Asker: 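Structure in structure tokens, see below.
Model, not experiment: these values are computed from the prediction. Order of the sequence lines fixes the chain letters, A, B, ..., with proteins taken first and strands second; residue numbering starts at 1 for each chain. The figures that follow rest on heavy atoms only: side chains count, while hydrogens, waters and symmetry mates do not.
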Amino acid sequence: MIKITLKDGSVREYEKEVSIYQVAMDISEGLARVALAGLLNDKLSDLRTMIREDASLSILTFDNDGGKHSYWHTSTHVMAQAVKRLFPEAKLAIGPAIENGFYYDFDISRTLTPDDLVKIEEEMKKIIKEKHEIERFELPRDEAMEKMKSIGEDYKAELIRDLPEDVVISFYKQGEFVDLCAGPHLMNTGMIKAYKLLSIAGAYWRGNENNKMLQRIYGIAFPKKTLLDEYLHRLEEAKKRDHRKLGKELDLFSMQDEGPGFPFFHPKGMIIRNVLEDFWREEHRKNSYDEIKTPIILDVELWKRSGHWDHYKENMYFTEIDEREFAVKPMNCPGGMLMYKRSMHSYRDLPIKMAELGLVHRHELSGALHGLMRVRNFTQDDAHIYMTPEQIKDQIIEVIKLTDSIYNVFGFKYRVELSTKPDNAMGSDEDWDKATNALKQALETLGMEYRLNEGDGAFYGPKIDFHLEDSIGRTWQCGTIQLDFQMPERFDLNYIGADGEKHRPVMIHRTVLGSIERFIGILIEHYAGAFPIWISPEQVRILPIAPTHHEYARELKEKLAEKGVRVYVDFRDEKIGYKIREAQLQKVPYMLVVGDKEMESSSVSVRARSEGDLGAMKADEFIEKAVEEIQSKK
RNA sequence: GCCCGUGUAGCUCAGUAGGUAGAGCACCACCAUGGUAAGGUGGGGGUCAUCGGUUCAAAUCCGAUCAUGGGCUCCA
């Protein structure tokens, strides 16, 4: 007797082995119709999987990640089958389900065009209509290899060659199409309902730039047309929040052909920058940081000593002054080291926390540039903390808390990653282990969830990264905390301990916002350009009805400006509806309409960006309210 | 860097049997003096990204360069 415990705790008993699909059928036919995969003993499993002993099982539908995965996996097979029909010579590489949809990589001699996508979609329609049963079978390694080689699937053969010894090599077959695949898959191709092929992209075989570039097709699929439409609509909406589009519309910044990756900040963008930096300074003063500024160009010798010459040269810019070699700084730390070394330090002075809004330049690959998110020059809100080894954990915790409190002001969700020793690292394994453990402990003390990112640390130390999301869900690293035993050694940093001897301090490199530029990009998308009033470049716009009200508007403006409010008057000879429309499109938080009524009663008619007409109130009352709202950073 | 797409007025875009450029918005002028998302009329504005080639003739076809968008990580 086999006992199967279901999600709701109920138990089903079977005389002999049974497939997950059959169990779903037994629960209800309706469930079986929408079943896409099973979670068998917490393992994502194919519906065909036979249950041979007692187990827990839940049936997965499109509402579960596992179900979606299976749905998209079959979708990509249908797409691959269509491609093989249209391009019989195409070789298959890999084709997984991803977070949002699926892709498949092909090696095809001719480059695909958007027209091809339409043809492939049409062929997919036929395959879905043909409703092929999907069969799973296994082969021993040799036979599997032989089979793939015989049909010219060289990439699949290579994959089989590199599979671990103990793995079961499975295939899925639908009609004439066979693919090496671990599954899981749906029962037949007819279950794919609404789908769309979204884009063609290049992708290196196995993600290695030394390998051949393949053609990747991305797609998405849903069990209902309405879901697909909703998804496509959401994509469109997300595009409207794109910081590059809003940056132009709201006149915040621009990129010029003359400076690829070097952003220009316009007056309104500068207001946002300055507001951010003021806020940042305030928070750092409260947390006992000192602020410094180090030069942008420094002698190449410094960069040789710091290790950047050996580990970071490819990303650096160089120049010559009076026949002496200089480098443009890609990081602020070496300059910071010199600041530390300028005098003796006592253990009583530690930790020393030196912050710097430092402009750094890095040579990023041209194809990697992306609006304000990835640029070639940016301002890091950097700080270096010099401390005794005993202070490490507390200092890391303090930085994590500071970062969290600052992100909370903006209401950001974030993800934390711990990155470990990379291939081109500097320093001993012991140092790295010590540093990595310190970061881990700090995270665990705070009970923070984090993702491990093997081999992605800085060349001088492991790091904790804070990732923020953009409008379409891509994440960008912003805050970072890096523990470093190397630089203090290389620069022979010291402090005098209680014993009167010299000791080696440990240092932390850290940023909270990360790059001011990137952070502004994230801010723009997060708020869709409708900044909270304390950040808004223009906080209040006064809209006089007619020229006779200009004088009153001017007086109001002065009153508000005196209180530090960023206020402008629209003196143009236009109708009120026109002025409102423009202020609204510019996402100004408050519009004050002033005409005869308001003039007579020393009041203003308030229109809020989001709520619309709020009616009249005394001018002084509005000013007080606005100032309060700005100060509270809501 | 690599693959594919795109590059026409300040902005958004139209302009394919190749015959030396258009619209809306914005800007300027005049008229209208207007109460919660675009009042009317007129006007100025473009080396069609750059360089080269094909052609009697190129925004349009070809090549290169530059810029820009998507992707190149999420492992059958």
Asker: Considering only atom C1', compute the distance from B:rC48 to B:rA14 and round it to an integer number of Å.
Answerer: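 So the two C1' atoms sit 13 Å from each other.
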
Asker: Find the partner of B:rC74: check Watson-Crick (N1-N3 plus N6-O4 or O6-N4) and G-U wobble (N1-O2, O6-N3) distances, both under 3.5 Å, and reply none if neither fits.
Answerer: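 B:rC74 is unpaired by these criteria.
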
Asker: For residues 107-118 of chain A, which residues have at least one heavy atom under 4.0 Å from RNA chain B?
Answerer: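 Correct list: A:Thr111.
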
Asker: Kindly assign one of parallel, tilted or perpendicular to the pair A:Phe459 and A:His311, based on the angle between their ring planes and the thresholds 30° and 60°.
Answerer: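 Ring orientation, 0 to 90° scale: parallel.
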
Asker: Can you tell me, in whole Å, how much space there is between the C1' of B:rC31 and that of B:rG15?
Answerer: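 Here B:rC31 and B:rG15 have their C1' atoms 34 Å from each other.
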
Asker: Give a yes or no answer on whether the side chain of A:His243 reaches the backbone of A:Leu372 with a donor-acceptor pair at less than 3.5 Å.
Answerer: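 Looks like yes, one N/O pair under 3.5 Å.
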
Asker: Take atom CZ of A:Arg572 and atom C1' of B:rC27, then tell me their distance rounded to the nearest Å.
Answerer: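 Result: 11 Å.
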
Asker: Which atom pair, heavy atoms only, marks the closest approach of A:Gly457 to A:Ser419?
Answerer: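 Scanning both residues, the minimum pair turns out to be N-CB, 3.6 Å.
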
Asker: Select one nucleotide: of B:rG1, B:rG71, B:rA67, the one nearest the side-chain heavy atoms of A:Leu365.
Answerer: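 Among B:rG1, B:rG71, B:rA67, the one nearest the side chain of A:Leu365 is B:rG1.
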
Asker: Starting from the 5' end of RNA chain B, give me the residue, A:Met213 or A:Gly259, whose nearest nucleotide shows up first.
Answerer: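 First, find each residue's nearest nucleotide; the 5'-ward one identifies A:Met213.
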
Asker: Taking ring-ring contact (aromatic ring centres under 6.0 Å, His included) as the criterion, tell me which of A:His132, A:His185, A:His77 meets it with A:Phe177.
Answerer: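 It is A:His77; the other options fail the test.
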
Asker: Between A:Tyr172 and A:Asp46, does any side-chain donor sit less than 3.5 Å from a side-chain acceptor?
Answerer: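 Yes, a side-chain donor-acceptor pair sits under 3.5 Å.
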
Asker: Using only side-chain N and O atoms of A:Arg206, determine if any of them is under 4.0 Å from OP1 or OP2 of B:rC72.
Answerer: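 Looking at the OP1 and OP2 atoms of B:rC72, neither is under 4.0 Å from any side-chain N or O of A:Arg206.
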
Asker: Under a 4.0 Å threshold between the charged nitrogen and the carboxylate oxygen, would A:Glu176 count as salt-bridged to A:Arg85?
Answerer: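 Yes, charged N to carboxylate O under 4.0 Å.
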
Asker: Would you say A:Ser366 reaches B:rG1's phosphate, i.e. side-chain N/O to OP1/OP2 under 4.0 Å?
Answerer: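 Answer yes for this pair, as a side-chain N or O of A:Ser366 is under 4.0 Å from OP1 or OP2.
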
Asker: Side chain of A:Ile94 only, heavy atoms from C-beta on: which candidate in B:rG70, B:rC75, B:rC72 is closest?
Answerer: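 Of all the options, the side chain of A:Ile94 is nearest to B:rC75.
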
Asker: A:Tyr103 OH to B:rC75 P: how many Å, rounded?
Answerer: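 From A:Tyr103 OH to B:rC75 P: 7 Å.
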
Asker: So A:Gly371, base contact, sugar-phosphate only, or nothing? Heavy-atom distance under 4.0 Å.
Answerer: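 Sugar-phosphate contact only.
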
Asker: Check the distance between B:rC4's P and A:Leu198's CG and give it to me in whole angstrom.
Answerer: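 It is 20 Å, rounded to the nearest whole Å.
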
Asker: Using a 4.5 Å cut-off on heavy atoms from C-beta on, say whether the side chain of A:Thr480 contacts that of A:Ile464.
Answerer: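 Contact flag for A:Ile464/A:Thr480 side chains = no.
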
Asker: What are the residues of residues 240-251 of chain A, sorted by number, that bring a heavy atom to within less than 4.0 Å of RNA chain B?
Answerer: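 Per residue number, the list reads A:Arg244, A:Lys248.
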
Asker: Go ahead and name the base partner of B:rG69; Watson-Crick or wobble counts if both distances stay under 3.5 Å, otherwise write none.
Answerer: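 B:rG69 is paired, partner B:rC4.
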
Asker: Would you classify A:Phe171 as touching base, sugar-phosphate or nothing, given that sugar-phosphate means primed atoms plus P, OP1 and OP2, and contacts are heavy atoms under 4.0 Å?
Answerer: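 Result for A:Phe171 = nothing.
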
Asker: Who does B:rC25 pair with, Watson-Crick or G-U, both distances under 3.5 Å?
Answerer: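 Matched B:rC25 with B:rG10 under the 3.5 Å cut-off.
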
Asker: Salt bridge or not between A:Glu525 and A:Arg474? Use side-chain N to carboxylate O under 4.0 Å.
Answerer: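 A salt bridge is absent here (no side-chain N lies under 4.0 Å from a carboxylate O).
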
Asker: With rounding to whole Å, what would you report as the distance between B:rC61 and B:rG70 at their C1' atoms?
Answerer: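 Comparing C1' positions in B:rC61 and B:rG70 gives a spacing of 27 Å.
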
Asker: Tell me, for nucleotides 32-43 of chain B in 5' to 3' order, what letter each nucleotide earns: B for a base near a protein heavy atom under 4.0 Å, S for only sugar-phosphate near one, - for neither?
Answerer: BBBBBBBB----

Asker: Which whole number of Å gives the distance between the C1' atom of B:rU16 and that of B:rC74?
Answerer: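 Those two atoms are separated by 42 Å.
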
Asker: Counting only heavy atoms not in A:Gln256 (residues, nucleotides, ligands), do more than 12 fall under 6.0 Å from its CD?
Answerer: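 Count over threshold, so yes.
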
Asker: With a 4.5 Å heavy-atom cut-off, do A:His361 and A:Phe262 have their side chains touching?
Answerer: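 They are in contact (side-chain heavy atoms under 4.5 Å apart), so the answer is yes.
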
Asker: B:rU65 and B:rA26: how far apart are their P atoms, nearest whole angstrom?
Answerer: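 Straight-line distance between the two P atoms is 41 Å.
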
Asker: Is A:Ala201 touching bases, backbone alone, or none of the nucleic acid, heavy atoms closer than 4.0 Å?
Answerer: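 Base contact - A:Ala201 has a heavy atom under 4.0 Å of at least one base atom.
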
Asker: Determine whether a donor-acceptor pair (one donor, one acceptor, N or O, separation below 3.5 Å) exists between the side chain of A:Tyr204 and the base of B:rG1.
Answerer: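 Yes, the side chain and the base share a sub-3.5 Å donor-acceptor pair.
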
Asker: Measure CE/A:Met373 against C1'/B:rU68 and give the value in whole Å, please.
Answerer: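 A:Met373 atom CE is separated from B:rU68 atom C1' by 16 Å.
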
Asker: Does B:rG70 have OP1 or OP2 sitting under 4.0 Å from an N or O in the side chain of A:His370?
Answerer: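 The answer is yes; a side-chain N or O of A:His370 sits under 4.0 Å from OP1 or OP2.
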
Asker: Can a donor-acceptor pair be found between the side chains of A:Gln81 and A:Glu123 at a distance below 3.5 Å?
Answerer: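 Not at all, the side chains of A:Gln81 and A:Glu123 share no donor-acceptor pair under 3.5 Å.
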
Asker: If you look at every strand shown and take non-hydrogen atoms under 4.0 Å, does A:Ala368 touch a base, only sugar-phosphate, or nothing?
Answerer: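 Base, at least one base heavy atom under 4.0 Å.
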
Asker: Tell me: CG of A:Leu369 to C1' of B:rG1, nearest whole Å?
Answerer: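 Between C1' of B:rG1 and CG of A:Leu369: 11 Å.
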
Asker: Under 4.0 Å, heavy atoms only, any strand: does A:Ile160 hit a base, just the sugar-phosphate, or nothing?
Answerer: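 Nothing: the residue A:Ile160, judged by heavy atoms under 4.0 Å, touches no strand.
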
Asker: What distance, rounded to whole Å, do you find between the two P atoms, one in B:rG35 and one in B:rG43?
Answerer: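 One P to the other, the span is 30 Å.
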
Asker: Taking only the C1' atom of each, what is the distance from B:rC13 to B:rA21 in whole angstrom?
Answerer: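 Nearest-Å result for B:rC13 against B:rA21 at atom C1': 14 Å.
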
Asker: Applying a 3.5 Å limit to both distances, which nucleotide forms a Watson-Crick or G-U wobble pair with B:rG19?
Answerer: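 B:rG19 is paired with B:rC56.
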
Asker: With P as the reference atom in both, quote the distance from B:rG24 to B:rG39 in angstrom, rounded to an integer.
Answerer: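 Going atom to atom, P in each nucleotide, I get 16 Å.
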
Asker: Could you let me know what B:rG63 is paired to, Watson-Crick or G-U wobble, both distances under 3.5 Å, or none if it's on its own?
Answerer: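 Pairing partner: B:rC51.
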
Asker: When A:Lys91 is tested against each of A:Lys156, A:Glu153, A:Lys84 for side chain to side chain contact (heavy atoms under 4.5 Å, CB included), which residue passes?
Answerer: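 The side chain to side chain contact (heavy atoms under 4.5 Å, CB included) with A:Lys91 is passed solely by A:Glu153 among A:Lys156, A:Glu153, A:Lys84.
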
Asker: So does A:Asp229 have more than 12 non-hydrogen atoms from other groups sitting under 6.0 Å from CG?
Answerer: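 Correct, the count exceeds 12.
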
Asker: With no hydrogens and no angle check, just 3.5 Å: does a side-chain donor-acceptor pair link A:Asn377 and A:Tyr317?
Answerer: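 Checked: A:Asn377/A:Tyr317 side chains show no N/O donor-acceptor pair below 3.5 Å.
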
Asker: Quick one: does A:Ser150's side chain have a donor or acceptor within less than 3.5 Å of a partner on A:Lys147's backbone?
Answerer: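 Answer holds: yes.
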
Asker: Rounded to the Å, how far apart are A:Glu454 CD and B:rC75 P?
Answerer: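 Atom CD in A:Glu454 sits about 17 Å away from atom P in B:rC75.
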
Asker: Give the rounded distance in Å between these two atoms: NZ of A:Lys156 and P of B:rC75.
Answerer: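 Result: 13 Å.
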
Asker: Can you check the A:Asp257 CG to B:rU8 C1' distance for me, whole Å?
Answerer: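 Atom CG in A:Asp257 sits about 15 Å away from atom C1' in B:rU8.
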
